[in-house]
> 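Encoded as structure tokens, here's the structure I'll be asking about.
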Amino acid sequence: MVVCTGQSFLAPYKSSSIPGLRQIFLRHPSFQATRFFPSNCPLPQPSFSQSVSKQAASAGLRLFNSSHRPRNFHFSKTSIGPFAPVYVQLSKPRYFSQSAKMAITSGSYTQKHKVTVIGSGNWGTTVAKLVAENTREHGDIFEEDVQMWVYEEEVTLSKDSPHYDESVGDKPQKLTSVINKYHENVKYLPKIALPTNVVANPSLQDAVKDSSILIFNLPHEFIGNVCKQIKGHIPPYARGISCIKGVTVTDSDVSLICEYIGDALGIYCGALSGANIASEIANEEWCETTIAYNTPPVDEPGSNGSAGGADGTNGHLDARGQISKTQLTPVPQEYPPLGHDVMYKLFSRPYFTVSMVSDVVGVSLGGALKNIVAIACGFVEGHGWNMTAKTAVMRRGMQEIIAFAREFFPDTIEEKTFWEESAGWGDMIVSCTSARNWRYSKMAVERGVTVQEIEKTELNGQKLQGISTTREVASFLRARGVEQKYPLFMAVDGILDGKVKVEDIPKLFRK
Ligand SMILES: NC(=O)c1ccc[n+]([C@@H]2O[C@H](COP(=O)([O-])OP(=O)(O)OC[C@H]3O[C@@H](n4cnc5c(N)ncnc54)[C@H](O)[C@@H]3O)[C@@H](O)[C@H]2O)c1
Ligand SMILES: O=P(O)(O)OC[C@H](O)CO
């Protein structure tokens with residue numbers, strides 16, 4: 001019998017409502033444990049561990065201390081406090097069938113992961129290209145063909161296009177047909193040869209059918225509708241990676257796009273973000289990226305390097321360190337285990353250096369909120385100011401991103417992501433010096449028109465995520481009554497509205 005250990009989490013503790021007592025409270029899909037301690041004495045962790053151990057054992061779980069816990073554990077930061085952490089396995093031990101054990105031993109699996117890229121814009125097509133190169137290279141793990149869902153539209157090839165066909169002439173053609181015939185996305189990634197195993201598909205439901213890996217890569221405003229359409233049409237064990245830079249907000253809440261996807265579809269979804277300009281990567285110029293993926297406990301490899309076939313609880317932790325309401329279906333044993341290793345193999349290319357982390361909050365917020373700062377930099381430069389002013393904007397912008405992460409994801413934020421990862425300062429720099437949000441907001445100020453007008457007239461269907469992200473974040477901050485803490489974000493919103501002038505930005509920071 002092969003037993004896999006599950007992931008663990010750190011037991012949160014909090015003040016209790018009983019004066020003089022502190023409460024430690026352990027949540028788990030299978031059981032809860034609560035214990036009270038006098039506030040003025042250190043937590044008697046061993047005795048607590050023993051009592052929880054018993055409860056854990058009766059639920060078929062194991063308890064770990066910090067030095068013996070399995071790797072890739074989840075934990076909640078608020079719970080660190082002054083006490084030694086207690087880790088509890090988040091899933092029950094898994095028992096593998098005979099056929100799975102044979103697959104594990106021989107390292108061969110009867111199923112390969114099918115990959116679908118949902119979206120085919122500038123970045124969507126670039127990512128489809130690089131993962132298709134990898135599915136070819138790792139034929140033991142992935143099916144070779146990569147489905148790429150295309151929001152269908154018609155294109156007309158001009159006479160100077162190498163694909164111009166006299167017999168078709170000026171007649172509009174379906175973008176999917178053109179991509180599949182010429183292996184080029186003539187509208188969103190022109191002049192880049194796509195591998196022939198990228199298959200453009202106009203049917204969303206057909207593109208995702210039987211796919212165990214879904215890569216979401218489209219402007220964030222379309223994700224809700226896309227999720228509605230594919231819900232129920234994907235395998236329950238599918239896993240996702242969101243390459244989308246944006247957030248989902250209501251007046252009362254902000255959520256990461258990857259979590260929104262996960263909750264909407266009942267799957268786990270990680271996030272990819274970095275200093276990544278699609279056209280440069282499509283030309284195979286070197287860059288770095290960051291992938292945040294918290295391998296869910298139900299998929300965690302056992303000591304022998306396999307996964308799947310879990311019975312029992314299927315919980316995982318959400319971006320706030322709470323147990324997610326989404327119950328996961330394990331990736332079946334017949335597939336290669338889906339964790340960091342497989343995700344790395346899917347995305348890493350000689351020209352695309354991947355750093356795997358577990359901080360979905362830092363990676364997602366860095367990618368989404370830097371677009372507001374990039375717009376501010378475009379405004380400032382369009383106004384005629386140079387690098388010193390832009391540096392001030394970038395620094396202030398990063399302060400506000402970190403403040404936002406601290407305020408709304410206090411338990412899970414890992415600030416080092418902003419300093420050390422491509423998804424942090426790396427993305428900030430590239431976005432404020434050479435990406436679309438910066439370039440076109442600069443153009444708007446120079447031409448004396450709105451950025452929204454420039455998006456319509458100059459981008460040929462591409463989208464500036466910074467416009468909607470600024471609107472959504474500003475409205476959320478206003479609804480929470482905390483807008484004064486985010487003067488730069490709010491100034492960009494004001495400028496987009498025509499209520500604030502670019503030259504007024506410095507005043508916002510005068511004490
Ligand atoms: N382009 C880059 O360099 C780059 C780099 C990193 C991250 N990103 C992020 O990637 C995400 C996708 O951006 P992109 O650059 O691939 O897109 P894009 O701006 O180049 O293209 C817009 C896409 O939206 C699609 N679309 C239009 N209307 C739609 C609808 N109603 N429903 C669904 N799709 C619709 C279009 O077909 C097109 O594929 C964004 O969040 C962006 O911030 C972009
Ligand atoms: O071109 P933008 O402004 O959408 O930004 C592209 C990437 O996010 C830069 O990392």
Side-chain angles (χ1 to χ4, degrees), residues 117-130 148-155 174-176 179 185-190 192 200 202 204 207 215-230 241-248 256-258 261 271-283 285 287-290 347 352 363-364 366-378 421-443 451 454-456 458-470:
V117 178
I118 299 166
S120 55
N122 196 227
W123 187 222
T125 310
T126 302
V127 167
K129 171 184 178 289
L130 69 86
M148 178 174 78
W149 174 65
V150 175
Y151 180 74
E152 188 68 292
E153 57 188 294
E154 297 199 318
V155 290
K174 298 246 181 278
L175 180 57
T176 44
I179 295 174
N185 186 339
V186 292
K187 176 153 186 191
Y188 292 103
L189 195 64
I192 298 292
L204 192 45
I215 300 170
F216 296 86
N217 203 332
L218 69 167
H220 76 278
E221 49 270 47
F222 305 128
I223 192 63
N225 197 20
V226 159
C227 286
K228 268 189 212 136
Q229 291 180 62
I230 63 177
I241 291 285
S242 163
C243 304
I244 297 169
K245 293 184 176 177
V247 284
T248 309
L256 311 178
I257 296 283
C258 58
I261 293 170
L272 178 154
S273 182
N276 301 145
I277 303 276
S279 52
E280 295 179 11
I281 297 158
N283 274 311
E285 292 172 35
C287 81
E288 297 182 297
T289 205
T290 315
F347 288 97
F352 197 59
V363 169
S364 304
L369 300 177
K370 62 80 189 176
N371 280 332
I372 307 178
V373 187
I375 291 200
C377 277
E421 289 295 333
S422 179
W425 262 113
D427 198 7
M428 174 71 91
I429 292 166
V430 88
S431 298
C432 296
T433 54
S434 57
R436 296 172 299 185
N437 282 282
W438 161 78
R439 187 182 310 281
Y440 291 103
S441 44
K442 174 172 173 281
M443 186 185 283
V451 194
I454 291 284
E455 188 186 43
K456 269 193 217 123
E458 303 296 323
L459 271 110
N460 193 28
Q462 295 189 29
K463 299 278 175 204
L464 298 178
Q465 297 281 265
I467 301 175
S468 40
T469 302
T470 304

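Since we're looking at a predicted model, the values are computed, not measured. Order of listing sets the numbers, starting from 1, for every ligand and every atom in it.
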> Backbone or side chain, does any N or O of N371 fall under 3.5 Å from an N or O of ligand 1?
no

> Which of the numbered atoms in ligand 1 are below 4.0 angstrom from a heavy atom of E153?
37 (O)

> Which residue and atom name correspond to the protein heavy atom nearest atom 5 (C) of ligand 1, and how close is it?
N276 O, 2.9 Å

> Applying side-chain contact (heavy atoms from CB on, under 4.5 Å) to V373 and L369, what does each step give before you reach the verdict?
CA-CA 7 Å; V373 187; L369 300 177; 5.9 Å; no

> Among all the protein's non-hydrogen atoms, which is closest to atom 42 (C) of ligand 1, and how far away is it?
Q465 CG, 3.9 Å

> Quickly, which of T125, L218, I215 forms a side-chain contact (heavy atoms from CB on, under 4.5 Å) with V117? Name it, please.
I215

> Considering only heavy atoms of W149, which atoms of ligand 1 have at least one such atom less than 4.0 Å away?
33 (C)

> Decide yes or no on side-chain contact (heavy atoms from CB on, under 4.5 Å) for C227 and I261, but give the supporting numbers first.
CA-CA 7 Å; C227 286; I261 293 170; 4.3 Å; yes

> With a 4.0 Å heavy-atom cut-off (strictly under), which part of D427 contacts ligand 2: side chain, backbone, both or neither?
side chain

> Quick check on contacts: which atoms of ligand 1 are under 4.0 angstrom from a heavy atom of I277?
3 (O)

> Any idea which atoms of ligand 1 are less than 4.0 Å away from a heavy-atom of G124?
16 (O)

> Out of T469, N437, D427, which one pairs with K245 under the side-chain hydrogen bond (donor to acceptor under 3.5 Å, both in side chains) rule?
D427

> Can a non-hydrogen atom of G274 be found less than 4.0 Å from any atom of ligand 2?
yes

> Under 3.5 Å, is there a donor-acceptor pair linking the side chains of E288 and S422?
no

> Quick test: of every protein heavy atom, which one is nearest to atom 4 (O) of ligand 2, and how far off is it to 0.1 Å?
R436 NH2, 3.0 Å

> Give the contacting part of V430 toward ligand 2: side chain, backbone, both or neither, where contact means a heavy-atom distance below 4.0 Å.
side chain

> Are C243 and ligand 1 in contact, using a heavy-atom cut-off of under 4.0 Å?
yes

> First locate atom CG of L272, then atom CD1 of I241, and finally report the distance between them rounded to the nearest 0.5 Å.
7.0 Å

> Where's the contact between W123 and ligand 1, heavy-atom distance under 4.0 Å: side chain, backbone, both or neither?
both

> Can you tell me if S431 has a non-hydrogen atom under 4.0 Å from ligand 2?
yes

> Should I223 and F216 be marked as a side-chain contact (heavy atoms from CB on, under 4.5 Å) after you check the CA-CA gap, both sets of side-chain angles, and the distance that decides it?
CA-CA 8 Å; I223 192 63; F216 296 86; 3.8 Å; yes

> To the closest 0.5 Å, what do you measure between OH (Y151) and OG (S120)?
11.0 Å

> Atom 23 (C) of ligand 1: which of G119, P219, G367, S242 has the nearest heavy atom?
P219

> For atom 19 (O) of ligand 1, what's the nearest protein heavy atom and its distance?
K463 N, 2.7 Å

> Could you check atom 7 (C) of ligand 2 against the protein and tell me its nearest heavy-atom contact, residue, atom and distance included?
N276 O, 3.3 Å

> Please tell me whether E455 and Q462 have a donor and an acceptor in their side chains that are separated by less than 3.5 angstrom.
no

> List ligand 1 atoms under 4.0 Å from I244, heavy atoms only on the residue side.
41 (O)

> So, 4.0 Å and heavy atoms of K370: is ligand 2 close enough to count as a contact?
yes

> Is the shortest N/O to N/O distance between W438 and ligand 2 below 3.5 Å?
no

> Could you go through L204 and I118, starting from their C-alpha distance and side-chain angles, then the distance that decides it, and tell me whether this counts as side-chain contact (heavy atoms from CB on, under 4.5 Å)?
CA-CA 8 Å; L204 192 45; I118 299 166; 3.9 Å; yes

> Considering only non-hydrogen protein atoms, determine which one is nearest to atom 11 (C) of ligand 1 and report residue, atom name and distance to 0.1 Å.
N217 OD1, 3.5 Å

> Closest by any non-hydrogen atom to atom 22 (C) of ligand 1: pick that one out of G246, G461, A128.
G461

> Please determine whether any non-hydrogen atom of R436 lies less than 4.0 Å from an atom of ligand 1.
yes

> Geometry only, no angles: is S279 polar-contacting ligand 1 at N/O separations under 3.5 Å?
no

> If you count the atoms of ligand 1 from 1 in the order shown, which ones are under 4.0 Å from a heavy atom of A278?
1 (N), 2 (C), 3 (O)

> Heavy-atom distances under 4.0 Å decide this one: backbone, side chain, both or neither, for K245 against ligand 1?
both

> Could you find the nearest protein heavy atom to atom 34 (N) of ligand 1 and give me its residue, atom name and distance?
F222 CD1, 3.5 Å

> Which heavy atom of the protein is the closest neighbour of atom 36 (C) of ligand 1, given with residue, atom name and distance?
Y188 OH, 3.5 Å

> Measure the CD-NZ distance between E153 and K187 for me, rounded to the nearest 0.5 Å.
3.5 Å

> Just how far is it from atom CD1 of I467 to atom CD1 of I454, taken to the nearest 0.5 Å?
10.0 Å

> Distance to 0.1 Å, residue and atom name: give those for the protein heavy atom nearest to atom 20 (O) of ligand 1.
N122 N, 2.8 Å

> Closer than 4.0 angstrom: is that true for some heavy atom of K245 and an atom of ligand 2?
yes

